[in-house]
There are 2 protein chains.
Amino acid sequence: MSQTVDRALTVLPLLAEGPATLDQVARRLGVHKSTALRLLRPLCDHGLVYRRPDQRYRLGARLFSLAQEAMESLDVREIAHPHLLRLNAETGHTVHLAVYEEDEVVYIDKVDSRYPVRMYSRIGRPVAITVAAVAKLLLADLPEDERRALAERLDYPKYTPHSTPDAPAFLAELARVREQGWATDLGGHEESINCVAAPVRGPDGRVAAAMSLSAPNVVVGADALVGLLPQVRRTAEAVSAEYCGRRTEPDRTAGPDEHSDEHEERP
Amino acid sequence: MSQTVDRALTVLPLLAEGPATLDQVARRLGVHKSTALRLLRPLCDHGLVYRRPDQRYRLGARLFSLAQEAMESLDVREIAHPHLLRLNAETGHTVHLAVYEEDEVVYIDKVDSRYPVRMYSRIGRPVAITVAAVAKLLLADLPEDERRALAERLDYPKYTPHSTPDAPAFLAELARVREQGWATDLGGHEESINCVAAPVRGPDGRVAAAMSLSAPNVVVGADALVGLLPQVRRTAEAVSAEYCGRRTEPDRTAGPDEHSDEHEERP
DNA sequence: AACGCCCATTGCAAATATTGCAACGCCGGA
DNA sequence: TCCGGCGTTGCAATATTTGCAATGGGCGTT
């Protein structure tokens, strides 16, 4: 609807691929060099894009802090965090919290395993949507048509022999997950790692987030991990209850108000 | 320079404070409701802003993944990471890597302490710029006028009695840090936590990043931590050397190329 | 259950901001 | 020193955005 803004925002994913010069940007945007320059300028001013000394553009650090602030203000995350810690303390395994949004499932919180073996995952990273246990829960709750459309739209990378192979298989799995109210990923992403996950539901009964427990085979076998499912479900239900209970949406009225500095941390 | 884009981008920090309705946004932007709507639309399309079921706007998940991609494509980070791991393995303490950009210092990598006591910090979060050891190193390297201007511009929160009290003290500290080539934060942010940091230098000799080792008093005293300084410096120098060595800027020419899917991870 | 209010949404016309072009100036290489 | 490339800016035409007012839908109230 707004051509200019749309073009400017197209720059971001473009630069996410790597640094680019002015007219690399211009060419990929299909606009004149000068236009690209004038598009880039406000992006730089706002810190979303950084202009390096060698005059190439890359994404700016403001993006990091913005994303961070956004994440920390997610109410599900805030409520769930202590519960994640507790689940981690009880089981010792890695705990994840993820949400679905616009074709993506991303981790919004994580508590690392006590064991030396740690998984490579990171808050903010998109999840392997076709195999991850949390993704299954999140997608299983979508309206049927949307779910089907999404399933068709996705790619199905063969991470391992146990990865979900295609859309029909995925939809079948989602149906099962939807019915049983929990999900697993048994070596679907990495051969030696298993996960079990449970949904967090919002006041409207829809799945607002999903939490999972993950552990490598060498630490605990798939059966044993699935044995922990009740604990995961209990935790998820506790979060749900709290999330549905107090709806503390602080109403911020208009006008430039001072945003209280949150407590920072150290280098 | 581009009013429309500028306005649209102003929305982001605004929403970072918390969710807002359409005309809260409009009012704070100083534009008509309909304008705000048309500004919000492309932001939503690109996933930077999410429109919740209750029709309030908040920052979107795309921001997370974008920031993540940006971070992972930072070459310093990539080069430094194995070294951070090694330093962590050797000392057992928390290791941070941070960069400076446009008045902000943000963590771009972190390896957690082996010890149960973990610090609250997070990749992407802005650093307490007036006290953090990494911040001191990064700022000490700025040109004098810029450094002074920035110092005047900053706030000096009294996190603890040891926090940097004001601009003159900060500038003095920066001068010292600049000379000695390393920095500390002894309880300046949290009474019981100390850090030592060393700079990573780019090909141009300027400080490109800073890495630090942090530990709470209960684990290791300030003296002992400072005793680890040589190791930190050695590590930072190793990173510098490598960073200056291979300048592998993959030249991406124009044209819509497929971006190879990186390996994802699990829920 | 019906009403009324609030809020998001859209058509339209005026006006303003954006676009592409071409010329300029700068830096680095030959 | 000269040449070439690249980023940058002035300008005029144009397309786009803007504000207004009217519409429609959802929700709480009476």
Side-chain angles (χ1 to χ4, degrees), chain A residues 1-12 14-15 18-46 48-60 102 143 202-206 244 247 249 251-255, chain B residues 1-12 14-15 18-46 48-60 202-206 247 249-255:
Chain A
M1 186 117 294
S2 173
Q3 190 190 67
T4 315
V5 177
D6 186 66
R7 280 177 174 168
L9 295 183
T10 307
V11 172
L12 298 178
L14 193 160
L15 289 186
T21 69
L22 176 62
D23 56 26
Q24 283 175 336
V25 172
R27 234 172 305 173
R28 293 200 48 181
L29 246 54
V31 299
H32 196 275
K33 261 192 316 183
S34 59
T35 304
L37 180 67
R38 291 187 266 239
L39 248 29
L40 254 345
R41 207 120 53 170
L43 285 166
C44 285
D45 293 344
H46 287 259
L48 289 149
V49 166
Y50 178 72
R51 180 175 210 172
R52 313 193 312 183
D54 66 347
Q55 304 221 61
R56 290 170 64 173
Y57 297 90
R58 66 164 169 75
L59 294 183
E102 305 277 338
D204 52 1
R206 303 223 20 221
C244 295
R247 310 269 59 228
E249 298 282 1
D251 246 295
R252 46 186 62 259
T253 51
Chain B
M1 187 114 297
S2 172
Q3 191 190 71
T4 315
V5 177
D6 186 67
R7 280 178 174 166
L9 296 183
T10 307
V11 172
L12 299 179
L14 192 160
L15 289 185
T21 69
L22 176 63
D23 56 25
Q24 284 175 335
V25 173
R27 233 172 307 172
R28 292 200 47 181
L29 246 54
V31 299
H32 196 275
K33 259 192 316 185
S34 58
T35 304
L37 179 68
R38 290 186 267 240
L39 248 28
L40 254 345
R41 207 119 53 167
L43 285 166
C44 287
D45 292 344
H46 287 259
L48 292 161
V49 167
Y50 179 72
R51 182 173 210 173
R52 311 193 315 184
D54 66 348
Q55 304 222 75
R56 292 170 63 173
Y57 296 90
R58 64 164 171 76
L59 294 183
D204 53 0
R206 305 225 17 224
R247 311 270 57 231
E249 300 283 0
D251 246 295
R252 45 187 60 259
T253 50

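Please read all numbers here as calculations on a predicted model, not as lab measurements.
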Would you give the length of the straight line joining atom OG1 of B:Thr21 to atom CZ of B:Arg27, rounded to the nearest 0.5 angstrom? 7.0 Å
Sequence neighbours excluded, which residues qualify as side chain to side chain donor-acceptor pair (under 3.5 Å) partners of B:Arg51? B:Gln55, B:Tyr57
For the helix from C:dA1-D:dT30 to C:dA30-D:dT1, what angle lies between the axis at the first five pairs and the axis at the last five pairs, to 10 degrees? 40°
Contact boundaries on DNA chain D for chain A, cut-off under 4.0 Å to non-hydrogen atoms: D:dG7 to D:dT17
Can you tell me how far CG of A:Leu40 sits from CG of A:Leu15, rounded to the nearest 0.5 angstrom? 6.5 Å
When you compare the protein's N or O atoms with those of nucleotides 7-11 of chain C, which come within less than 3.5 Å of each other, and at what distance?
{"from": "C:dA8", "atom 1": "OP1", "to": "B:Leu22", "atom 2": "N", "distance (Å)": "3.4"}
{"from": "C:dA8", "atom 1": "O3'", "to": "B:Arg51", "atom 2": "NH2", "distance (Å)": "3.0"}
{"from": "C:dT9", "atom 1": "OP1", "to": "B:Arg51", "atom 2": "NH1", "distance (Å)": "2.8"}
{"from": "C:dT9", "atom 1": "OP1", "to": "B:Arg51", "atom 2": "NH2", "distance (Å)": "2.8"}
{"from": "C:dT9", "atom 1": "OP2", "to": "B:Arg51", "atom 2": "NH1", "distance (Å)": "3.4"}
{"from": "C:dT9", "atom 1": "OP2", "to": "B:Arg51", "atom 2": "NH2", "distance (Å)": "2.6"}
{"from": "C:dT10", "atom 1": "OP2", "to": "B:Arg41", "atom 2": "NH1", "distance (Å)": "3.1"}

Where is the tightest heavy-atom contact between B:Arg7 and B:Leu29, given as atom of each residue plus distance? O-CD2, 3.9 Å
Give, for atom CG of B:Leu48 and atom CD of A:Glu102, the distance between the pair rounded to the nearest 0.5 Å. 10.5 Å
Sorted by chain and number, sequence neighbours left out, side chain to side chain donor-acceptor pair (under 3.5 Å) with A:Asp45 holds for none
How long is the gap from CG on A:Asp23 to OG on A:Ser34, to the nearest 0.5 Å? 11.5 Å
Passing option when A:Val25 is tested against A:Thr35, A:Val11, A:Leu37, A:Val49 for side chain to side chain contact (heavy atoms under 4.5 Å, CB included): A:Val11
With a 4.0 Å limit, can you tell me whether B:Thr4 has a side-chain N or O closer than that to the phosphate oxygens OP1/OP2 of C:dT18? yes
For B:Lys33 and B:Leu22, work out which heavy atoms get closest and say how close. O-CD1, 4.1 Å
Going by side chain to side chain contact (heavy atoms under 4.5 Å, CB included), A:Asp6 matches just one of A:Leu9, A:Thr10, A:Thr4. Which one? A:Thr10
Test side-chain contact (heavy atoms from CB on, under 4.5 Å) applied to B:His46 and A:Leu12, step by step: CA-CA 10 Å; B:His46 287 259; A:Leu12 298 178; over 6 Å; no
Footprint string (nucleotides 24-30 of chain C, 5' to 3'): B base within contact, S backbone only, - free, heavy atoms under 4.0 Å: -------
Qualifying residues under side chain to side chain contact (heavy atoms under 4.5 Å, CB included), relative to B:Arg58, sequence neighbours excluded: A:Leu74, A:Glu101, B:Pro19, B:Tyr50, B:Arg52
